[in-house]
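Here's the structure we're looking at; comments come further down.
Computed from a predicted model, the values in this text were never measured in an experiment.
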Amino acid sequence: MTVVEERLRDVVTQNDRLADEASRHLVNAGGKRLRPLLTLLTAELGDGSRREVLDAAVVVELTHLATLYHDDVMDAAPLRRGAPAAHEVWGNSVAILTGDLLFARASSTVAGLGPEAVRIQAATFERLCLGQLHETVGPNPGEDPVDHYLQVLADKTASLIATAARFGAMFAGCRPDVVATVQAFGETVGVAFQLADDVIDLTSDAATTGKTPGTDLRDRVPTMPALLLRARAARPGASSGDRDVLALLDADLSTDAALTEAVEALRAHDVVEQTRERAVVLARQAVERLDPLPPGAVKDALVAFADSLVDRAS
């Protein structure tokens with residue numbers, strides 16, 4: 001991971017001063033680096049010392065960082081990882097173009113890994129875009145909002161985590177069945193990870209996450225607790241308590257006081273615990289997908305990886 005961190009800082013370097021400062025902004029802000037960690041971990045199922053493994057780890061993190069520049073513009077998020085979002089520093093246009101620059105660097109790096117890697121990267125990028133698009137426009141008439149949301153999470157978050165796991169095993173020379181196993185693990189654990197984030201968005205504080213609790217509520221971005229509450233409030237005979245909390249969510253949340261009231265009401269509702277339980281179930285399903293792998297330190301670490309993603313929401 002130390003080498004990956006050094007490579008990330010090298011690969012985002014730009015000759016242009018503004019481009020260089022903006023490109024380094026989120027790299028310097030740090031982060032969990034879950035995706036490259038997963039790439040390096042699954043590579044230990046084969047020959048993890050191959051140069052291609054490090055390149056692949058850099059590619060997945062660069063791709064993730066690029067999406068963050070775009071996401072923060074779309075969400076008008078003031079903070080990212082405890083630091084001002086890029087658009088708050090340089091404006092929307094520079095932030096979007098910086099994200100594009102990082103995508104370009106990711107593409108340049110993945111090109112050195114061969115045509116199959118380029119194809120996988122392109123398919124992943126397509127899913128990332130579709131996930132964001134479908135989140136933006138919402139479900140079609142008659143489509144279940146919860147099912148729609150889970151597909152958004154699969155595309156917008158899990159697709160890149162699955163590719164991170166796939167790349168590690170693939171470039172370490174693992175058999176195709178091993179590659180398919182860890183890819184399926186990444187796809188499932190990626191959705192669990194985002195559901196855990198939905199809980200954290202309501203239950204943590206800004207000092208811990210660098211993000212104001214309830215930002216998604218204010219921006220009318222759907223999350224699982226809000227969707228579950230909305231479904232319950234729409235049922236015949238829904239309780240007045242459900243409808244009261246929903247009314248707070250649907251009110252004007254532009255003031256901090258209104259947002260705090262809505263967050264506290266939703267935080268106290270059992271839909272938050274239901275979301276946490278869904279994340280745990282998915283994490284267990286992800287672990288079950290590892291059954292074909294031989295027992296050992298790598299498998300144990302992957303199980304711990306899955307557990308750690310949902311434990312954050314406890």
Side-chain angles (χ1 to χ4, degrees), residues 1-15 20 23-69 81 98-125 128 157-176 178-187 189-190 193 290 293 296-302 304-306 308-309:
M1 284 303 296
T2 300
V3 176
V4 169
E5 197 69 30
E6 293 170 352
R7 292 279 303 279
L8 277 172
R9 296 179 188 281
D10 289 342
V11 79
V12 300
T13 300
Q14 306 277 350
N15 290 328
D20 187 62
S23 295
R24 291 176 179 276
H25 184 65
L26 286 186
V27 173
N28 291 340
K32 295 179 285 290
R33 306 289 194 248
L34 291 176
R35 292 152 189 84
L37 174 63
L38 185 56
T39 298
L40 298 180
L41 184 54
T42 59
E44 292 301 313
L45 292 165
D47 182 1
S49 66
R50 293 183 178 182
R51 175 194 60 81
E52 292 86 351
V53 171
L54 284 174
D55 287 343
V58 170
V59 165
V60 294
E61 184 64 10
L62 271 180
T63 303
H64 174 59
L65 288 171
T67 66
L68 297 184
Y69 282 85
R81 297 172 175 173
T98 302
D100 293 345
L101 283 171
L102 295 189
F103 276 127
R105 290 294 170 90
S107 298
S108 177
T109 304
V110 80
L113 295 173
E116 179 67 4
V118 173
R119 185 192 67 78
I120 293 170
Q121 172 76 353
T124 304
F125 189 26
L128 291 171
T157 300
S159 63
L160 186 55
I161 293 177
T163 293
R166 181 181 186 181
F167 272 172
M170 175 178 164
F171 289 112
C174 295
R175 299 190 315 269
V178 174
V179 175
T181 293
V182 297
Q183 180 184 353
F185 166 80
E187 184 84 23
V189 84
F193 168 72
L290 298 174
L293 297 182
V298 179
K299 186 174 183 178
D300 291 345
L302 289 170
F305 181 90
S308 69
L309 294 187

Side chains of L34 and I161 in contact at under 4.5 Å (non-hydrogen atoms):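 No, their side chains stay 4.5 Å or more apart.
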Locate the shortest heavy-atom distance separating [X] from [Y]; write the atom from each residue and the value.
| X | Y | answer |
| --- | --- | --- |
| A117 | F171 | CB-CZ, 3.6 Å |
| L65 | V27 | CD1-CG2, 3.5 Å |
| A66 | L102 | CB-CB, 3.8 Å |
| S23 | V12 | CB-O, 3.5 Å |
| A57 | V60 | O-CG2, 3.2 Å |
| V58 | V11 | CG1-CG1, 4.1 Å |

Whether over 12 other heavy atoms sit under 6.0 Å from R50 CZ: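 Yes.
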For F103, ring pair (Phe, Tyr, Trp, His ring centres under 6.0 Å) partners two or more places apart: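 Listed in chain order: H70, F125.
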Non-neighbouring partners of Y69 that pass ring pair (Phe, Tyr, Trp, His ring centres under 6.0 Å), sequence neighbours left out: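 Here no residue qualifies.
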Side-chain donor or acceptor of T13 paired with backbone N/O of D10 under 3.5 Å: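 The answer is yes, because a donor-acceptor pair under 3.5 Å joins these two groups.
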Side chain T124, main chain I120, donor-acceptor under 3.5 Å: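 Here the side-chain-to-backbone pair exists.
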E116 and R119: CA distance, side-chain angles, deciding distance, salt bridge (Lys or Arg N to Asp or Glu O under 4.0 Å) verdict: CA-CA 5 Å; E116 179 67 4; R119 185 192 67 78; 2.8 Å; yes
Qualifying ring-ring contact (aromatic ring centres under 6.0 Å, His included) pairs, either residue in residues 32-58, two or more places apart: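 Non-adjacent pairs meeting ring-ring contact (aromatic ring centres under 6.0 Å, His included): zero.
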Qualifying residue for side-chain contact (heavy atoms from CB on, under 4.5 Å) with V4, from L40, T39, D55: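 So, applying the side-chain contact (heavy atoms from CB on, under 4.5 Å) to V4 and each of L40, T39, D55, only L40 qualifies.
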Distance, nearest 0.5 Å, that separates CZ of R35 from CG of L37: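 CG of L37 is found 11.0 Å from CZ of R35.
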